[in-house]
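Proteins come first, then strands; the chains are lettered A, B, ... in the order of their sequence lines, and each starts at number 1. Just so it is clear, the model here is predicted, and its values are computed rather than measured.
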Amino acid sequence: QKEVEQNSGPLSVPEGAIASLNCTYSDRGSQSFFWYRQYSGKSPELIMFIYSNGDKEDGRFTAQLNKASQYVSLLIRDSQPSDSATYLCAVEGMNSGAGSYQLTFGKGTKLSVIP
Amino acid sequence: DAGVTQSPTHLIKTRGQQVTLRCSPKSGHDTVSWYQQALGQGPQFIFQYYEEEERQRGNFPDRFSGHQFPNYSSELNVNALLLGDSALYLCASSLRYQPQHFGDGTRLSIL
């Protein structure tokens, strides 16, 4: 059973601070890692993906991956009230028999940015 | 450039009924995946379609079935609806092995 674990929160940070969201996964064969943002009542929106160990930066967002520790994180710099949402970590592993990928999601971490 | 579109937006059914949900992928995408998201949970993978075939299936009963058409659009069918089937049903499209993008979802309520 592939599992993805996230702290459900809520995580509260003041406006302008760095928000740090963490995720661990159980399947060592996992190859691709994604962060989705989901506003209340809306669908998930892809904000970052990372395939290789290390850091990947896109604007105020940085994704970090450590495959040895089976750990992936998302940093949000200069947090804004509009960043308040649930952040879903998703892990994709190859099912060689089916020749396709399957996304396994964590339950999400609720982030609240306080003005 | 239209994104992933799903219909209907909301649906109310009673136990035992059958339902069909529809999805049109983002232009250029050939792979469609379906997910079920219960309140307060992350999305759970139902199945994935590519080249009109079911390629991968999650831990869902046979009451859940699907189809992909030659234009890459897809349908999710659920038979013999149970109260526990109440959820947000999400369709995601992608090019094969590329990041998946979600539609706005169909909120299904079972009475």
Side-chain angles (χ1 to χ4, degrees), chain A residues 1-10 21 23-27 29-51 56 58 61 63 72 85-110, chain B residues 3-7 9-10 21 23-26 29-60 66 68 74 87-109:
Chain A
Q1 180 80 7
K2 300 175 184 177
E3 294 184 350
V4 177
E5 299 288 340
Q6 294 182 257
N7 188 326
S8 61
L21 304 161
C23 171
T24 59
Y25 59 95
S26 64
D27 183 9
S30 300
Q31 301 181 351
S32 306
F33 307 86
F34 305 85
W35 284 99
Y36 286 84
R37 177 176 62 198
Q38 187 171 29
Y39 293 112
S40 181
K42 302 295 185 182
S43 65
E45 174 192 7
L46 179 67
I47 55 172
M48 288 288 288
F49 58 91
I50 187 167
Y51 302 140
K56 179 182 178 183
D58 184 2
F61 299 99
V72 58
T86 295
Y87 289 79
L88 297 163
C89 173
V91 174
E92 195 168 52
M94 176 65 151
N95 181 320
S96 58
S100 65
Y101 286 107
Q102 173 178 334
L103 273 182
T104 301
F105 282 85
K107 292 183 178 181
T109 298
K110 187 171 184 178
Chain B
V4 182
T5 59
Q6 292 187 244
S7 63
T9 305
H10 294 89
L21 310 181
C23 172
S24 292
K26 187 176 180 179
H29 285 182
D30 57 8
T31 301
V32 173
S33 303
W34 286 92
Y35 295 82
Q36 180 195 67
Q37 187 176 24
L39 204 61
Q41 303 295 314
Q44 280 199 294
F45 176 76
I46 302 175
F47 41 53
Q48 183 181 84
Y49 279 85
Y50 172 71
E51 291 187 336
E52 302 179 51
E53 289 190 18
E54 183 183 293
R55 299 290 177 166
Q56 179 80 298
R57 188 178 184 92
N59 189 25
F60 279 81
Q68 186 180 34
S74 178
L88 178 66
Y89 287 84
L90 295 162
C91 170
S93 77
S94 64
L95 278 170
R96 203 122 197 264
Y97 308 133
Q98 297 297 312
Q100 297 179 25
H101 296 266
F102 285 86
D104 289 339
T106 294
R107 189 161 297 281
L108 175 63
S109 299

Rounded to the nearest 0.5 Å, what separation is found between the CD atom of Q37(B) and the CD atom of Q38(A)?
4.0 Å
Greater than 12 external heavy atoms within 6.0 Å of D27(A)'s CG:
yes
Proximity of F45(B) and F105(A) rings by center, below 6.0 Å:
no
Kindly compute the distance separating CD (Q102(A)) from CZ (R55(B)), expressed to the nearest 0.5 Å.
15.0 Å
Name the region of Y35(B), side chain, backbone, both or neither, that has any atom closer than 4.5 Å to a heavy atom of chain A.
side chain
Which residue out of T31(B), L88(B), D104(B) racks up the most heavy-atom pairs below 4.5 Å with chain A?
D104(B)
A quick test of your reading: do over 12 heavy atoms of other residues, nucleotides or ligands sit less than 6.0 Å from CD of E54(B)?
yes
Can you check whether G103(B)'s main-chain N or O pairs, donor with acceptor, with S43(A)'s side chain at less than 3.5 Å?
yes
Considering residues, nucleotides and ligands other than K56(A), do more than 12 of their heavy atoms fall under 6.0 Å from its NZ?
yes
Measuring heavy-atom distances to chain B, does F33(A) have an atom under 4.5 Å in its side chain, in its backbone, in both, or in neither?
neither
Let me confirm one number: the CD-CG distance from Q100(B) to L103(A), rounded to the nearest 0.5 Å.
4.0 Å
